[in-house]
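Please read all numbers here as calculations on a predicted model, not as lab measurements.
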Amino acid sequence: MRSWTAGALAALLLIAAARLTSADGHGALFTDSGAVGRSLKQELVGFPYHRCEDYSNSSLPYNLSPPYEKEPGLYCMKFTFIGYPFGISQCAEFLSSRVTSITIAANPRCKDDFDKRSVTIGGRPKTTSNGWYEYATGSIVKIYRLELSTASSGQEICFESAEVACPTMDDFFTPHPAGFPIFYAVSHESSYTCCPVFQPSDLSPPPPPPPPP
C-alpha cells in the first residue's frame with residue numbers, strides 16, 4: 001500500500017483553508033464571496049463544500065468501510081448503520097430516516113477516470129445524480145438524490161474508474177488526515193440540512209462515569 005503522505009497533506013489543506021475563513025454560528029465551512037459582489041451566494045472552501053447545520057461526527061449513525069477493489073477498476077465501500085454511540089442528535093434522527101447524499105474526497109487529477117454513470121447502490125444501477133465537483137482546495141465525488149436509511153445497512157456503494165490518470169485505487173481517493181483511506185461526509189438535505197464528516201479519532205464514545213460508591 002502506498003504512503004498516504006501526499007493525500008493526507010491535501011486533506012489537511014482542505015481543513016486549513018476552512019479554518020482561515022469565518023464560520024457561521026454552526027461552524028459552517030464557508031465564507032462570504034465578497035470578491036464577486038454583494039450577493040447572498042456563499043463560496044464553499046472546505047470539505048464537504050456544503051452549508052450545513054451540523055458537521056459533527058457524533059451525529060453520524062453510519063460508517064463507510066475502507067474502499068476495496070471488487071474487480072479491476074470497480075471501487076466499492078460498504079454502507080453500515082452503527083447506531084447512536086454519542087446519543088441521538090437532531091441530525092442523527094433525520095439521517096436515520098433518510099440519507100440524501102454521500103460526499104467522498106478525491107484526487108483532482110482523477111476526474112477523467114471517474115464514470116458517473118457507473119454508480120451502483122446495493123447492486124442496482126444509479127446512472128443519474130452522481131457527479132465530480134472541483135473546488136479551489138480539492139475535488140469530490142458526490143452521489144445525491146439518495147433514499148438510504150437504517151434499512152439500507154450492509155449495502156455496497158460502487159463505481160468505476162478508468163484507472164488511466166490514477167492507475168490505482170489508492171491514487172483515486174484523498175484519505176482522511178488521520179490516515180483512514182477515505183475522507184467522507186453523509187448528508188440529509190431538506191428544510192434542515194446536516195452533513196456530518198467522519199472522524200476516525202471519534203470512533204469510540206467517551207467512557208461512562210464510574211458507578212457510585
Here's a test for you: under side chain to side chain contact (heavy atoms under 4.5 Å, CB included), which of Thr100, Val119, Val99 qualifies with Ile143?
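Looking at Thr100, Val119, Val99, the match for Ile143 under the side chain to side chain contact (heavy atoms under 4.5 Å, CB included) is Val119.
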
Tyr84 and Ser96: side-chain donor and acceptor closer than 3.5 Å?
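Short answer, yes.
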
Modelled atom types, side-chain donor and acceptor of Ser187 and Tyr144, under 3.5 Å
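The criterion, which ignores hydrogens and geometry beyond distance, is not satisfied for Tyr144 and Ser187.
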
Quick one: does [X]'s side chain get under 4.5 Å of [Y]'s, heavy atoms only?
X: Ser89; Y: Ser58; value: no
X: Met77; Y: Ile182; value: yes
X: Cys110; Y: Phe173; value: no
X: Asp171; Y: Arg109; value: yes
X: Leu146; Y: Lys126; value: yes
X: Thr103; Y: Tyr49; value: no

Gap between atom [atom2] of [Y] and atom [atom1] of [X] - 0.5 Å precision:
X: Phe81; Y: Leu148; atom1: CZ; atom2: CG; result: 13.5 Å
X: Thr120; Y: Asn130; atom1: OG1; atom2: CG; result: 10.0 Å
X: Ser139; Y: Ile104; atom1: OG; atom2: CD1; result: 13.5 Å
X: Glu71; Y: Cys76; atom1: CD; atom2: SG; result: 8.0 Å
X: Glu189; Y: His50; atom1: CD; atom2: NE2; result: 4.0 Å
X: Ile82; Y: Thr150; atom1: CD1; atom2: OG1; result: 13.0 Å

Over all atoms of both residues, closest heavy-atom pair of [X] and [Y]:
X: Ala185; Y: Val197; result: CB-CG2, 4.0 Å
X: Gln199; Y: His176; result: OE1-NE2, 2.8 Å
X: Leu95; Y: Tyr62; result: O-OH, 2.8 Å
X: Ser152; Y: Phe79; result: O-CD2, 3.8 Å

Phe180 and Phe198: ring pair (Phe, Tyr, Trp, His ring centres under 6.0 Å), yes or no, with the steps?
CA-CA 10 Å; Phe180 194 76; Phe198 173 71; 4.9 Å; yes

Is it the case that over 12 heavy atoms from other parts of the model lie below 6.0 angstrom from the CD atom of Gln155?
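It does: Gln155 CD has more than 12 such atoms within range.
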
Distance-only check: which donor-acceptor pairs under 3.5 Å involve side-chain atoms of residues 156-165, not counting sequence neighbours?
from   : atom 1 : to     : atom 2 : distance (Å)
Glu156 : OE1    : Lys70  : NZ     : 2.7
Glu156 : OE2    : Tyr68  : OH     : 2.5
Ser161 : OG     : Glu163 : N      : 3.2
Glu163 : OE2    : Tyr75  : OH     : 2.6

Check for a donor-acceptor pair, side chain of [X] on one end and backbone N or O of [Y] on the other, with a separation under 3.5 Å.
X: Ser153; Y: Thr80; result: no
X: Asp54; Y: Cys91; result: no
X: Glu134; Y: Gly138; result: no
X: Asp115; Y: Arg117; result: yes
X: Tyr184; Y: Pro48; result: no
X: Lys142; Y: Ser129; result: no

Should the ring pair Phe183 and Phe47 be called parallel, tilted or perpendicular, given that the plane angle runs from 0 to 90° and is split at 30 and 60?
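Because their plane-to-plane angle is under 30°, the rings of Phe183 and Phe47 count as parallel.
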
Mind checking whether Val141 and Leu74 sit in one hydrophobic cluster, side chains of I, L, V, M, F, W, Y counted as touching below 4.5 Å?
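No, no single cluster joins them.
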
Find out if a path of hydrophobic residues (ILVMFWY) with successive side-chain heavy-atom gaps under 4.5 Å connects Phe114 to Met169.
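Same hydrophobic cluster.
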
Hey, is Cys194 close enough to Cys52 that the SGs sit under 2.5 Å?
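With an SG-SG separation of 2.5 Å or more, Cys52 and Cys194 do not form a disulfide.
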
